[in-house]
Amino acid sequence: MAQVRENKGARKAIVAVVLIIFTIIYMIPLFYIVNTSFRPWADIREYPPKLIYQPSVAAFIRIFTARAVYPPGQAPTEQELKDMSTIERIVYKETNERIVRTGDLPRRYLNSLIICVLSTMITILLGTTAAYGFSRFPVKGKDDWMFFILSTRMLPPVIVGIPVFLMFRNVGLNDSHLGLILLYVAFNVSFAVWVLKGFIDEIPREYEDAALVDGYSRFQAFRKIVLPQSVTGIAATAVFVFIFAWNEYAFAFMLTRNTAQTVPAWLPYQMGVLGFDWGAAAAGTTLFLIPPMVLTILLRNHLVRGISFGAVRK
Amino acid sequence: MQKKKGPLLVDARGNQVNFNPMRDVNLVRLFVFPTIILLIVINIFPLLWSLVLSFTDYSARLQTEWGVNPEWEGTKNYVALFTNPDIWLKFITTGKYVLMSVGGEMILGFGLALLLQTKFAGRGIIYVLLVLPMTMSPVIVGLMWKLFMDPNWGMFNFMLGLGRIDWAQDPARNLYAIVIVDIWMWTPFVMLLSMAGLSAVPQYLYEAAEVDRASWWFKFSRITLPMTYPLLLIALIFRVMDAFKIFDLPMGLVGRGSGAPPLLSMEVYSQTFMTWRTSYGSALGYIMLIVIIAITSVLIKYLNKAKH
């Protein structure tokens, strides 16, 4: 018996070690990109890459600003150097540049935030009500409607993108916040309905029936009984919808040029513009990936349900 | 306007609900219709429009004048598509890509899920770290790997002990680069669904097999695999559908230059927005859509069989 137990313990240890090594290897690309964003300008193009260096935030400043190089012979004087702010001094010391104005990233980041927050709110409003309707009432042809809702989600974005581009051009919605918000709502609401219906199905009907007997109207029962009980589900769904909208690329790329452009549609095309500034590209990537990473960690208990559209409940 | 139709609302026995029926009916309409209308306006109507366009010679760049642009061309776009030998290359490349990436993800994801059944300290952290790539933006993941795989300064070649191999820009290799990144990104997806499937396998089956001194292989092939098969199929369906329409990842990793791999979504994009043959692009999009629907409905049939 002791032999068996020992074997089991050894096997457990081996599996743990294998998994830990695998995970470390798996995380290397992420580590590399974060690492690159903190590397000083002079070190970035070293090969093989150095592991130990003086970390610098200059790349993050560069991605947020537009700069101009000091022409030769016009370097700042001692006095000017003293008067510079810390940020300006960091940039000057690393790349011999002065900051001209705020760059393009802040506005793209703001666009991403506005579009994602608003579209998530509208999606959840529509999704919760529709899910409640489908969950509680025997709507005619319910399964067909639910399947119709799901199928709209499965359409490849490039194919929907063409006619939407033409339609938006006709009504002047191309490159506008409203256009992208509408599109994101339409694309995510199917997800929200399916997942939220699962959550609402799990709330016993008896609570509402009791409330109805007590003289609540249907709507009051929905607002005061169902909504409070499904807060967790709604929150998890909202986080998922936000992540989807935050990550969306195809529509943003096809339908926005400037005013409403989001980060994913902008960042990949900055390599040339930034003069192959690797540090800045890495810094932008790092900043962009942080929100979904944090949200995923918060979501970890609802992940399976979300990625399977509510088909798998655990 | 209000015509008398059959009852929209019925109770469990199929009778029309008779206390305050209108109130519930109106509430359901208020709750359900906005979503349906939005989907029809933003998704279905444009799709039908592009179906019409695929039978014309429309170009989105030119001024629209009915009768001139677009002009009705019948099935000319479709005929041109099927007689173009290039198109088969695109289908084959996309198929190859789907097979390689989804195959890799299924094997790796299921393997990881099996290993993660072992309980040990730090398992939770490993789980959270492994699922991170899945919720990142594919285009940004592509950009990230573009830096990582760069032939001059990237770490990928250095770590594998390879020379200065250009993964992202060399047409002979960039399809494999996309496969590698796709596997990196979506293995967690298969892993998560497999874990859900494995946790639902009743423990007593293993105990019974243990009593019979069944081999590891017997337990795996007769208990584990059949019990998790439906969930593996769900994972497969989601992954095949997604991989077939892949667009973001190659755009981030390779870009839309001439060296880009001949994948279907990329072709639809470049026909529509770069050479401005909008209706040709729409026609290709429709063929793609039909293929996706065909593949998924076959898989769903298997899924329904597996559930019974």
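Proteins get letters first, then strands, A, B, ... in listed order; numbering begins at 1 in each. Computed from a prediction, not measured in an experiment: that's the story for all the values here.
- In this structure, the portion of I33(A) lying under 4.5 Å from any heavy atom of chain B is its side chain and not its backbone.
- Contacts of I292(B) with chain A are made by side-chain atoms alone, with heavy-atom separations under 4.5 Å and no backbone atom involved.
- The contact between S282(B) and chain A is made by backbone and side chain atoms together, counting heavy-atom distances below 4.5 Å.
- For a residue to count as touching a neighbouring chain, one of its non-hydrogen atoms must lie under 4.5 Å from one of that chain's; by this rule Y26(A) touches chain B with backbone and side chain alike.
- The contact between N170(A) and chain B is made entirely by side chain atoms (from C-beta outward), counting heavy-atom distances below 4.5 Å.
- Contact detail for P268(A) and V139(B): the closest heavy-atom pair is CG-CG2, 3.7 Å.
- When heavy atoms are compared at a cutoff of 4.5 Å, Y249(A) approaches chain B by way of both its backbone and its side chain.
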* Does the pair M136(B) and F288(A) meet the rule for a side chain to side chain contact (heavy atoms under 4.5 Å, CB included), with working shown? -> CA-CA 9 Å; M136(B) 292 176 178; F288(A) 184 75; over 6 Å; no
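- Counting heavy-atom pairs under 4.5 Å between each of V41(B), L130(B), V128(B) and chain A puts L130(B) at the top.
- Summarising the geometry, atom CG belonging to L39(B) is positioned 4.5 Å from atom OG1 belonging to T152(A); distances are rounded to the nearest 0.5 Å.
- At a threshold of 4.5 Å between non-hydrogen side-chain atoms, the residues L295(A) and T135(B) do not count as touching.
- Proximity to chain B involves both the backbone and the side chain of L30(A), based on heavy atoms less than 4.5 angstrom apart.
- In this structure, F273(B) CZ and M254(A) CE are separated by 5.5 Å, a value rounded to the nearest 0.5 Å.
- Heavy atoms closer than 4.5 Å to chain B are found in both the backbone and the side chain of V164(A).
- Most heavy-atom pairs under 4.5 Å with chain B, from the set Y132(A), F222(A), F253(A), F219(A): that is F253(A).
- For W184(B), the parts lying near chain A are the backbone and the side chain together; criterion is any non-hydrogen pair under 4.5 Å.
- Residue G133(A) comes nearest to V32(B) through the heavy atom pair CA-CG2, 4.1 Å, listed as atom of the first residue, atom of the second, then distance.
- Summarising the geometry of S265(B) relative to V158(A), their closest heavy-atom pair is OG-CG2, 3.3 Å, with the distance given to 0.1 Å.
- Listed here is the closest heavy atom pair of I140(B) and P264(A): CD1-CA, 4.2 Å.
- Heavy atoms of V185(A) lying under 4.5 Å from chain B belong to its backbone as well as its side chain.
- In this structure, L129(B) CG and M293(A) CE are separated by 8.5 Å, a value rounded to the nearest 0.5 Å.
- Options A131(A), P29(A), A250(A), A265(A) differ in how many heavy-atom pairs under 4.5 Å they form with chain B, and the most are formed by P29(A).
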Please tabulate, for the side chains in residues 240-252 of chain B, all donor-acceptor contacts under 3.5 angstrom to protein atoms that are two or more places apart in sequence or on a different chain.
unit_1: K245(B); atom_1: NZ; unit_2: M154(A); atom_2: O; d: 3.0

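- Heavy atoms of L166(A) lying under 4.5 Å from chain B belong to its backbone as well as its side chain.
- Note: F31(B) CZ to L125(A) CG = 9.0 Å, rounded to the nearest 0.5 Å.
- Per-residue heavy-atom pair counts under 4.5 Å with chain A were compared for I126(B), L231(B), V268(B), and the maximum is reached by I126(B).
- Listed options L47(B), I234(B), L30(B) were ranked by heavy-atom pairs under 4.5 angstrom with chain A; first place goes to L47(B).
- When side chains are defined from C-beta on, F238(B) does not count as touching I307(A), because their heavy atoms never get closer than 4.5 Å.
- The nearest pair of heavy atoms linking I159(A) to G285(B) is CD1-O, 3.0 Å.
- For the atom pair I162(A) CD1 and L53(B) CG, the distance stands at 9.0 Å (nearest 0.5 Å).
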* May I have the step-by-step check of side chain to side chain contact (heavy atoms under 4.5 Å, CB included) for L38(B) and L182(A), ending in yes or no? => CA-CA 8 Å; L38(B) 183 78; L182(A) 276 176; 4.0 Å; yes
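- Neither the backbone nor the side chain of W246(A) has a heavy atom closer than 4.5 Å to any heavy atom of chain B.
- Both the backbone and the side chain of A282(A) come within less than 4.5 Å of a heavy atom of chain B.
- Applying the 6.0 Å contact sphere to CD1 of I125(B) captures no more than 12 heavy atoms from other residues, nucleotides or ligands.
- By the 6.0 Å contact criterion, CZ on R164(B) is enclosed, its count of non-hydrogen atoms from other residues, nucleotides or ligands being greater than 12.
- When each of T128(A), T36(A), I149(A) is scored by its heavy-atom pairs under 4.5 Å with chain B, the top score falls to I149(A).
- For the set S190(A), A16(A), P292(A), the entry with the most heavy-atom pairs within less than 4.5 Å of chain B is A16(A).
- Residue M159(B) touches chain A through its side chain alone, counting heavy-atom pairs closer than 4.5 Å.
- Interface residue T118(B): only side-chain heavy atoms are found under 4.5 Å from chain A.
- Looking at L284(B), neither its backbone nor its side chain comes within 4.5 Å of chain A, counting heavy atoms on both sides.
- In this structure, the separation between CZ on F148(B) and CD1 on I28(A) is 6.0 Å, given to the nearest 0.5 Å.
- For the pair M144(B) and L289(A), the minimum side-chain heavy-atom distance is below 4.5 Å.
- In summary, the aromatic rings of F156(B) and Y32(A) are positioned with their centroids too far apart to meet the 6.0 Å limit.
- Using a 4.5 Å cut-off between heavy atoms, L299(A) does not touch chain B at all.
- For M134(B), the part lying under 4.5 angstrom from a heavy atom of chain A is the side chain only.
- Of the two parts of F240(A), neither the backbone nor the side chain holds a non-hydrogen atom closer than 4.5 Å to a non-hydrogen atom of chain B.
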* Asked: Yes or no on side chain to side chain contact (heavy atoms under 4.5 Å, CB included) for F187(A) and N43(B), after CA distance, side-chain angles and deciding distance?
  -> CA-CA 8 Å; F187(A) 238 65; N43(B) 273 329; 3.5 Å; yes
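- Nearest heavy atoms, L126(A) versus P34(B): CD2-CB, 3.6 Å.
- Residue contact with chain B, scored on non-hydrogen atoms closer than 4.5 Å, involves the side chain of F165(A) exclusively.
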